[in-house]
Amino acid sequence: MAVQTAQLESYLESFTDFVRATAPETPAWLRDLRDTAFARFCEVGFPTTRNEDWRFTNISALARIPFRPARETDRVVAASLASSHLAAWHMENALSRLVFIDGLFVPALSTIGALPQGVVIDSLRNQIAQRPAFVAEHLGRYLDTVRDPFCALNTAFLEDGAFVHVPRGIALERPIHLLFVSTAGPAHTPTMTHPRNLIIAEEEAQAAIFEDYVSFGAEIHAFSNAVTELVARGNSNIEHFLIEREHLQSFNFSTLRIEQARSANVASHSLLAGGALVRNNVHPVLAGEGGECLINGLFIGSGRQHLDNYMLVEHASPHCASRQFYNGILDQHAHGVFHGRIIVHKNAQKTDAKQTNRNLLLADDAQIDTKPQLEIYADDVKCTHGATIGQIEDNALFYLRARGIGEIEARRLLLEAFAGECLGRIKSGPARDYAQAVVEARLFALATPAPSPAGAAETKERNWEEVG
Amino acid sequence: MSLLEIRNLHARVGGHEILKGIDLQVNAGEVHSIMGPNGSGKSTLAQVLSRREAFEVTEGAILFHGKDLLAMKPEEAACEGIFMAFQYPVEIPGVGNAYFVRTALNAIRKYRGLDQLDAMDFLPLYREKMRLLDMDEQFMNRSVNEGFSGGEKKRNEILQMAMLEPSLAILDETDSGLDIDALRIVAQGVNAMRSPDRAMIVVTHYQRLLDYITPDFVHVLVDGRIVRSGGADLALELEEKGYVSIESEARQTAPASA
C-alpha cells in the first residue's frame with residue numbers, strides 16, 4: 001500500500017484547504033456527505049491490481065502525483081478565456097451549453113437558452129444554494145462510495161458540475177452540451193478536478209445529455225475524476241454521451257451511475273479518444289420492471305494510451321433488457337480493457353442481458369484485456385456474451401486498393417466501418433453528427449502513419465504500466 | 001504501342017515459381033482469353049497484373065500504356081486503368097456499395113486531375129448501370145458484398161467495372177459458380193463494355209463463358225507458360241479434346257530444361 005497512500009497527506013492538505021475555503025457556502029448535509037466520503041477514501045486509499053475491479057489497470061502513476069485542486073488558482077485562467085477559444089468544441093443545434101473550466105461553471109462562456117416550462121439546466125453549485133432540499137434528496141443517494149475510492153474522492157471534493165431537471169412529460173428535442181475544459185492553470189502544476197453532475201428525468205421525460213472532456217493549453221498532468229448520477233423515472237427516455245478527448249498527459253476517470261425506474265429507456269454512449277490513463281465506469285441499475293438500457297461504446301487508443309471500460313450492469317427487476325456493445329481500436333502500444341460485469345438479482349426473472357466486445361488491434365504491441373463476468377441469481381434469464389479480437393483484413397484492404405483507393409484512405413474506410421457500428425446505435429441528429437466528427441478526426445489521425453520522432457519521448461511516458 | 005506488353009514474366013508465391021516466362025501482347029479493343037487447367041498460373045497472372053504484393057515477380061517486365069506496371073502499387077495500377085473482377089469478391093461490412101464505388105471513382109478521377117463527383121452527379125449514373133445488370137436498387141446501400149449470393153457478387157464486380165471504366169479489364173474466373181441466367185447477365189454487362197479503347201483479359205477454366213463473350217484470341221496456359229495461342233476456335237477445340245491432349249503436346253514440345 002506504500003505507493004498507493006504516498007500522496008494521502010497531500011490529499012488531506014487539499015481537503016482541509018477545500019473545506020475551509022468552501023465553508024461559508026456549504027450546508028451541513030453537504031459537509032457530512034463530503035466528510036464521510038473523504039474518511040472512506042483515507043481508509044481504503046487507491047486500489048491496486050490485486051483488486052479484481054482493477055486487475056488490468058495499474059494506477060500507481062496517478063497515485064504518485066501530488067495533484068492539487070484546480071480551484072485555488074484557476075479562476076484567473078477562466079476569466080481570460082473567451083468563447084472563441086472554445087470554438088473547436090462547438091456543438092451545432094445544442095439546446096444549452098454549459099462550460100466548466102477546471103471543474104467550475106463559467107456563466108460567461110455558457111448559454112442556457114430558452115427552456116420549456118419547469119426545465120432546469122444550471123450548475124450544481126447554484127442549485128445547492130437555491131434548492132438545497134431537492135438536491136440533497138438525490139445527491140449521493142445512488143453512488144457507491146464504499147466500493148469505489150474514486151467515487152469517494154469525487155464526493156469529498158464535490159463542489160460543482162451540471163444540474164439537469166426535466167419535469168414530467170417534457171421532451172427536449174435538442175441535446176444539452178456540457179463542456180469540461182481542463183487547463184494547464186497559471187502554475188502548470190498537476191491539478192485535479194472532480195466534476196459532479198446530477199440529472200433527474202421525471203416520468204415520460206426525454207433528453208440527450210453530452211459530457212465532453214477536453215484540454216486547453218499546455219500539456220500537464222491533469223486528473224479529471226467525474227461522477228454523474230442519472231435518475232430516469234418511469235417511461236422516461238434518456239441518451240447520455242461521454243466523450244473523452246483530453247491530451248495525452250491526462251488522467252480521466254468517470255463514473256456514470258444510472259438509476260432506471262419502470263419502463264425507462266436509457267442509452268449510454270461512450271467515446272474514448274484521448275487521455276493517457278482513462279477509466280470509464282458505467283453502472284446502470286434496472287430497478288423497475290420493463291426497463292431497457294443500451295450501453296454502447298467505442299475506444300480508440302494509440303501511443304501508450306490505456307483505456308479501461310468497466311461495466312457493472314445490475315438487473316434488479318423482472319423483464320428488463322440490457323445491451324452492451326463496445327468496440328475497441330488499438331494501435332502502437334495502446335492497452336484497452338473491457339470488463340463487463342452483469343449481476344442479475346434473485347427477483348429479476350425474464351432478464352435479457354447481452355454483451356459484445358469487438359476489438360481491432362492494429363499493431364503487434366497493442367493489447368486488449370476483455371473479461372465478461374456474469375453473476376446470475378435468478379433462474380429464468382437470458383444472458384449472452386461474446387468478444388472478438390482481430391486485425392484489419394489484408395483481403396479487404398487489397399480489394400479497396402485494387403479499385404484505386406489509396407492505402408491510407410482504404411485503412412480509414414475500414415476503421416470507420418468498424419467504428420460505424422457504434423455510431424449507428426446513436427439516434428440520428430446533432431448528437432450523432434457531433435460524435436461522428438470526433439470519431440472521424442481520431443481515425444484520420446490513426447490511419448495516417450505519422451513519422452514518429454517522438455519514439456524516445458513516448459517510452460518515458462509508460463510509467464503507469466511498469467510499476468507493479 | 002500495345003496497351004499491355006508482358007515480357008518473359010516469372011512470378012512466385014510462397015516460394016513456388018508459378019509463372020515461368022509469359023509473353024503476351026494485348027492491344028486496345030481486343031479480348032483475350034486465358035484458359036488452362038487448375039494450377040496452371042491463370043489466377044496468378046491476374047493477381048500480378050492487379051499488383052497483389054504477395055505475388056513476387058522474379059524476372060521479366062510488364063508495360064501498361066508504356067509505363068512500368070511492376071513499379072506500381074495496386075491503387076496506382078487501378079488509377080492507370082487496370083480493373084480486376086475478383087474470383088472471390090471480398091465482403092466489407094459497414095462500407096456501403098454506392099459509397100465505396102464513389103470513393104473509388106473519385107480516387108481515380110483525382111489521380112487523373114478530374115473534378116470530384118458528388119452524390120447528385122454519381123447516383124443517376126450508378127442507378128443506370130445497376131439497371132443494366134438487373135440489380136435491385138436496395139444493393140446500393142447494403143455493405144459491399146455482405147450477404148450477397150455468388151451471382152450477386154459477380155454482378156457487383158461487373159457493376160464496379162462499368163462505373164470505373166478501365167482501359168484493361170481482367171475477369172478472373174468471373175463465370176465460375178454462376179447459373180446460366182446470371183452468366184448471361186454478366187456476359188451482357190461485359191459485352192456492353194467492349195470498345196475500341198478498351199481491352200479485356202478473360203481468365204476462365206471452362207469454355208462456357210466464351211459462348212457469350214467471344215474472344216479475339218485464346219491462349220492456353222500450362223504449367224506457367226503459354227503453350228498455344230489461337231483464335232476463338234481454339235476454345236472449341238479445347239472443349240472437345242480437353243486440356244489433357246494439349247498438356248501432353250506441350251510436354252513434347254517444351255524445351256528440355258523445363
Side-chain angles (χ1 to χ4, degrees), chain A residues 271 296-298 300 325-329 356-360 362 386 388-426 428 432-433 435-436 439-440 442-444 446-449, chain B residues 46-55 72-97 99-112 114 141-146 153 156-157 159-161 163-166 169-170 172:
Chain A
L271 167 54
N296 179 34
L298 176 66
I300 306 171
F325 298 104
Y326 262 68
N327 280 16
I329 300 174
T356 308
N357 169 225
R358 301 186 60 210
N359 303 286
L360 269 189
L362 305 183
T388 62
I389 301 170
Q391 293 154 353
I392 285 192
E393 241 194 279
D394 280 346
N395 274 337
L397 198 59
F398 177 69
Y399 190 72
L400 296 173
R401 294 177 70 190
R403 295 296 176 253
I405 300 169
E407 187 175 2
I408 289 171
E409 175 75 356
R411 283 170 67 85
R412 199 183 58 75
L413 261 179
L414 294 173
L415 293 177
E416 275 185 14
F418 185 74
E421 293 177 3
C422 294
L423 291 170
R425 294 186 194 104
I426 303 173
S428 59
R432 181 157 92 188
D433 296 345
Q436 183 156 354
V439 171
E440 280 173 6
R442 184 69 182 93
L443 291 183
F444 183 78
L446 208 62
T448 313
Chain B
Q47 301 281 345
V48 169
L49 289 173
S50 60
R51 302 305 305 122
R52 186 150 205 157
E53 280 143 353
F55 294 78
M72 296 178 198
K73 295 176 182 169
E75 56 268 36
E76 288 166 343
C79 289
E80 288 285 345
I82 284 187
F83 180 96
M84 180 176 72
F86 281 56
Q87 182 178 4
Y88 303 111
V90 180
E91 298 191 7
I92 308 182
V95 178
N97 268 307
Y99 181 72
F100 162 56
V101 177
R102 184 156 68 92
T103 305
L105 188 57
N106 279 334
I108 291 171
R109 290 178 67 91
K110 187 178 174 192
Y111 184 89
R112 296 178 187 169
L114 300 169
N141 296 314
R142 278 173 63 183
S143 293
V144 175
N145 295 324
E146 193 185 31
K153 283 181 181 170
N156 199 22
E157 293 294 287
L159 172 63
Q160 291 168 30
M161 177 169 112
M163 291 301 298
L164 302 181
E165 300 189 306
I170 303 151
D172 188 7

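Each chain gets a letter, A, B and so on, in the order the sequences are listed, and its residues count up from 1.
Counting heavy-atom neighbours within 6.0 Å of B:Tyr111 OH, excluding the residue itself, gives a total above 12.
For B:Tyr99, the part lying near chain A is the side chain, with the backbone staying farther off; criterion is any non-hydrogen pair under 4.5 Å. For a residue to count as touching a neighbouring chain, one of its non-hydrogen atoms must lie under 4.5 Å from one of that chain's; by this rule A:Glu407 touches chain B with backbone and side chain alike. For a residue to count as touching a neighbouring chain, one of its non-hydrogen atoms must lie under 4.5 Å from one of that chain's; by this rule B:Pro166 does not touch chain A. When heavy atoms are compared at a cutoff of 4.5 Å, B:Val101 does not approach chain A at all.
Heavy-atom minimum distance, B:Pro93 versus A:Ala417: O-CB, 3.4 Å. When all heavy atoms of A:Gly404 and B:Ala78 are compared, the closest pair comes out as N-CB, 3.3 Å. A:Tyr399 and B:Ile92 get closest at one heavy-atom pair: CD2-CD1, 3.8 Å.
Note on B:Thr103, B:Val95, B:Asn145: by heavy-atom pairs under 4.5 Å with chain A, the leading option is B:Thr103. Note on B:Pro74, B:Ser50, B:Ala107, B:Gly94: by heavy-atom pairs under 4.5 Å with chain A, the leading option is B:Pro74. Counting heavy-atom pairs closer than 4.5 Å to chain B, the top residue among A:Leu413, A:Asn395, A:Leu400 is A:Asn395.
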_Worked check of salt bridge (charged side-chain N to carboxylate O under 4.0 Å, His left out) between B:Glu53 and A:Arg401_ = CA-CA 11 Å; B:Glu53 280 143 353; A:Arg401 294 177 70 190; 3.5 Å; yes

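Distance alone, capped at 3.5 Å, places no donor-acceptor pair between the A:Arg403 side chain and the B:Met161 backbone.
Take A:Gln391 and apply the side-chain contact (heavy atoms from CB on, under 4.5 Å) test, not counting sequence neighbours, and it matches no residue.
A tilted orientation is assigned to the rings of B:Phe86 and A:Phe398, their planes being inclined by 30° to 60°.
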